[in-house]
S.K.: 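Okay, handing you the structure first.
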Protein chains: 4
Amino acid sequence: MPTSPTTDAAPTRRRRADAMQNLDALLEAAKAVFAESGVDAPVRTIAERAGVGVGTVYRHFPLRSDLISAVFRREMDACVDAADELEATYPAGEALDAWVLRYTEFVAAKQGLAAALHSGDPAYEPLADSFSTRLTPTLARLLATARAAGAIGQEVEPSEFLAAVANLCHGTGPSPRGREHAERMVRLLLAGLRAPAA
Amino acid sequence: MPTSPTTDAAPTRRRRADAMQNLDALLEAAKAVFAESGVDAPVRTIAERAGVGVGTVYRHFPLRSDLISAVFRREMDACVDAADELEATYPAGEALDAWVLRYTEFVAAKQGLAAALHSGDPAYEPLADSFSTRLTPTLARLLATARAAGAIGQEVEPSEFLAAVANLCHGTGPSPRGREHAERMVRLLLAGLRAPAA
Amino acid sequence: MPTSPTTDAAPTRRRRADAMQNLDALLEAAKAVFAESGVDAPVRTIAERAGVGVGTVYRHFPLRSDLISAVFRREMDACVDAADELEATYPAGEALDAWVLRYTEFVAAKQGLAAALHSGDPAYEPLADSFSTRLTPTLARLLATARAAGAIGQEVEPSEFLAAVANLCHGTGPSPRGREHAERMVRLLLAGLRAPAA
Amino acid sequence: MPTSPTTDAAPTRRRRADAMQNLDALLEAAKAVFAESGVDAPVRTIAERAGVGVGTVYRHFPLRSDLISAVFRREMDACVDAADELEATYPAGEALDAWVLRYTEFVAAKQGLAAALHSGDPAYEPLADSFSTRLTPTLARLLATARAAGAIGQEVEPSEFLAAVANLCHGTGPSPRGREHAERMVRLLLAGLRAPAA
DNA sequence: CATGAATGAGAGTTCATTCAT
DNA sequence: TATGAATGAACTCTCATTCAT
């Protein structure tokens, strides 16, 4: 009861505000910890970083995958949104390349994301679903436009390509060197895409 | 061993035979367990599968990476050896493609290999060394020949390319579908390699 | 804690009371187990004796030496405090003897203490530090006073003397016979201290 | 069958010689290992140092204490023998001091001896018996002579004194500093012995 | 008699998860 | 609703000890 007993709108508001602050702190903490120690980091580490108890983590995110999904969703959304702008600004082929590299950046910064996605652990399916729901259609659209413009010669399944790029970022670390490596390989993949159909 | 080899070799051979049987059982078990549960599977699981005590595992392979290396080395060797034949049989460009696909097969069948290689855990460095020592030079040779033949237009670091292919196999599973997926993506990477220099 | 202390303290106090009960049980259990099996007794044994899980032991005492220190600190403090009274009551020489015998009692009751102190294991350094911080200055003071009073003829390093007394209690067990033995030998050491300088 | 089949006196001699060589190597190795790592060192370490299999260690010394006793017996004997010479050379009081310091040297060099003696583990009783049988009578004789010569004023049980000295060496390590510390404390004990009866 | 491979109990330690407050 | 103490399963690793050869 942190408020005066006379009103109760206030306490509700306060509690909600607190809860949302917690949630936010949690997401920030998880993001930082995932980046440092991967998505398998101890729950306690995240809780401590967020300044909350472990129980709070479990309350908001009963499954680890829930937390992972939540953490990545926001940046995933930003990544998806970037597509619109790129499409409006660049020709189809270039927009595709630019967006894939943008996506590469996103994934490379999230060590463990690809691992989680492909762990086979059913707990991560919701996360995979997020990918399917948001990212796959985005890439599909970019690919279709690029193909229509004659910019790519190969057929490719959008989700498959997405997974491949994520994999290429695996184990590269968030260091500049790792990023460069990932980017180089992704560019190779994109070059392959442009190759004329066999 | 001051006696004739005929009377003395028997016990020695027998003891050695037993030990080697165990060692073989261990390698088989580890291979199976790695395939099912990844290279981080509990040592005890492997020991049980092999029908030996944990101590035996530790006796033969003090470090987990020793076991992993041993499990993969044989097939890695076969993969390396395959290069000679391919080089002798096909033109440079095709030999390169064929060997990379051969390598893809090998890696795709070893779930967890790529993960272990890139885990950053220093325990897996010997494994990475094996790669550097055996596979990297092989690919380097194939790339050089293919480039001399004008079959490839892009520059690429052999070890980097090897790692990329391994990554592409990550999480694909040993199922036919997984294999196909990996292969498709690797073909894309190879197509990228053939693209004329930017 | 934005609320009045009367409504908020209850749960906090209760939680703390539980934790402290556990902590107490832990210290009691550890004390008993140390006495029976020495300070190297398995953590699990202590946990079981205290009726808690091993995790609880590690939570409260991440290092074994933390537990040992905690177990001994209380009695060590009592021992240190006894010096004041003895100094106020007896002449310098007698006060020294009395306190050393008091210290002997304390150490003789803690089988394994001396062993731990001298194990060379760096884990026990905090324990040794406790000795240095609390007991050594006490003895130093007593020695200085006694020397000023002409009661002792030999030079001795306080910490060295403390260690020697602890050693003399080693393996004597908490039985009356063991105690007597230790005391006899300590008296001999004290007699040596009184001998005129060579 | 390392010899010719025509005689069998030779093989027997050889086998015996081999066995004794092994035994000697074992004792040397154990001595070295005990000095370095204490009497709780892994059996395998000793076997390896001796160049024999662990089975051989167990054959010769089924109990660890058997090995410890055997290792220490030889030097204990030398220590006992030293008493004769000291008694013949020095006056009673000085002979006592000299011998006790000789004994101190012996014990200080054997880290873990005192610990083993007082571990309470019944396995070490044979070792304690050795002490009683050989060392205690020696000290008893020296004490009696010294007392007859009026060199000591305190009563003391020889075995008790022996144990005390051993304890004083506990944890001092084989380093010069450790030795000095032990010696200083033992001299204090000896000074206590000389003190006139209370 | 010697060997050393094999065994497996046991100790340390970490964390996911629960639940009383 | 938040907390964090408690729990205990699970893992790694070490050695004493046995026994087939």
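Below, chain A is the first sequence line, B the second, and so on; all start at residue 1.
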S.K.: Side chains of D/V43 and D/F61: closer than 4.5 Å at any heavy-atom pair?
M.R.: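 Side chain of D/V43 against side chain of D/F61, heavy atoms only: no contact under 4.5 Å found.
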S.K.: Report the residue (C/P42 or D/T56) whose heavy-atom-nearest nucleotide on DNA chain E is the more 5′ of the two.
M.R.: D/T56
S.K.: Could you say whether A/V57 or D/V43 is positioned toward the 5' end of DNA chain F, judged by the nucleotide with the nearest heavy atom to each?
M.R.: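 Upstream on the strand: A/V57.
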S.K.: I'd like to know if the side chain of B/R64 and the backbone of B/A41 have a donor-acceptor N/O pair within less than 3.5 Å.
M.R.: yes
S.K.: Whole angstroms only, please: what is the CD-P distance between A/E48 and E/dC15?
M.R.: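 Taking atom P of E/dC15 as the reference, CD of A/E48 is at 11 Å.
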S.K.: What is the distance, rounded to the nearest whole Å, between atom CZ of B/F61 and atom C1' of F/dT12?
M.R.: 17 Å
S.K.: Roughly, in whole Å, what's the span from CG in C/D40 to C1' in E/dG10?
M.R.: 15 Å
S.K.: How is A/V52 classified with respect to the nucleic acid when contacts are heavy atoms under 4.0 Å: base, sugar-phosphate, or nothing?
M.R.: sugar-phosphate
S.K.: Got D/E36 and D/T45 here, is their nearest side-chain heavy-atom distance under 4.5 Å?
M.R.: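 No. Closest side-chain heavy atoms not under 4.5 Å.
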S.K.: Nearest-Å distance, OH (D/Y58) to C1' (E/dT7)?
M.R.: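 One finds 13 Å between C1' of E/dT7 and OH of D/Y58, rounded.
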S.K.: Quick one: label D/V54 by what it contacts on the DNA or RNA (base, sugar-phosphate, nothing), any heavy atom closer than 4.0 Å.
M.R.: base
S.K.: Counting only distance, no hydrogens or angles, is the base of E/dT13 paired donor-acceptor with the side chain of C/R44 under 3.5 Å?
M.R.: yes
S.K.: Return no unless some side-chain N or O of A/H60 is found under 4.0 Å from OP1 or OP2 of F/dT1.
M.R.: no
S.K.: On DNA chain F, compare the nucleotides closest to B/P62 and A/G53; which residue's is nearer the 5' end?
M.R.: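 Checking each residue's closest nucleotide, the 5'-ward one belongs to A/G53.
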S.K.: Taking the nucleotide of DNA chain E with the nearest heavy atom to each, does B/G55 or C/R64 sit closer to the 5' end?
M.R.: B/G55
S.K.: Using purine N1 to pyrimidine N3 plus N6-O4 or O6-N4 for Watson-Crick, or N1-O2 and O6-N3 for G-U wobble, each under 3.5 Å, what pairs with F/dA20?
M.R.: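 Pair assignment: F/dA20 / E/dT3.
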S.K.: Carefully, step by step, assess A/V39 and A/V33 under the rule side chain to side chain contact (heavy atoms under 4.5 Å, CB included).
M.R.: CA-CA 8 Å; A/V39 289; A/V33 171; over 6 Å; no
S.K.: Reckon B/N22 has a side-chain N or O less than 4.0 Å from the OP1 or OP2 of E/dA6?
M.R.: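 True: B/N22 side-chain N/O within range (under 4.0 Å) of E/dA6 OP1/OP2.
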S.K.: If we call it a pair only when both distances are under 3.5 Å in a Watson-Crick or G-U wobble match, what pairs with F/dT14?
M.R.: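 WC or wobble partner is E/dA9.
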S.K.: Would you kindly give the CD1-to-C1' distance between C/I68 and E/dG12, to the nearest whole Å?
M.R.: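 So the two atoms are 14 Å apart, to the nearest Å.
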S.K.: What nucleotide among E/dA2, E/dT17, F/dT1 has an atom nearest to a side-chain atom of A/R59?
M.R.: F/dT1
S.K.: Rounded to whole Å, please give me the gap between CG in B/D66 and P in F/dC13.
M.R.: 11 Å
S.K.: As an exercise, state the distance from CD1 of C/I68 to CG of C/D40, rounded to the nearest 0.5 Å.
M.R.: 7.0 Å
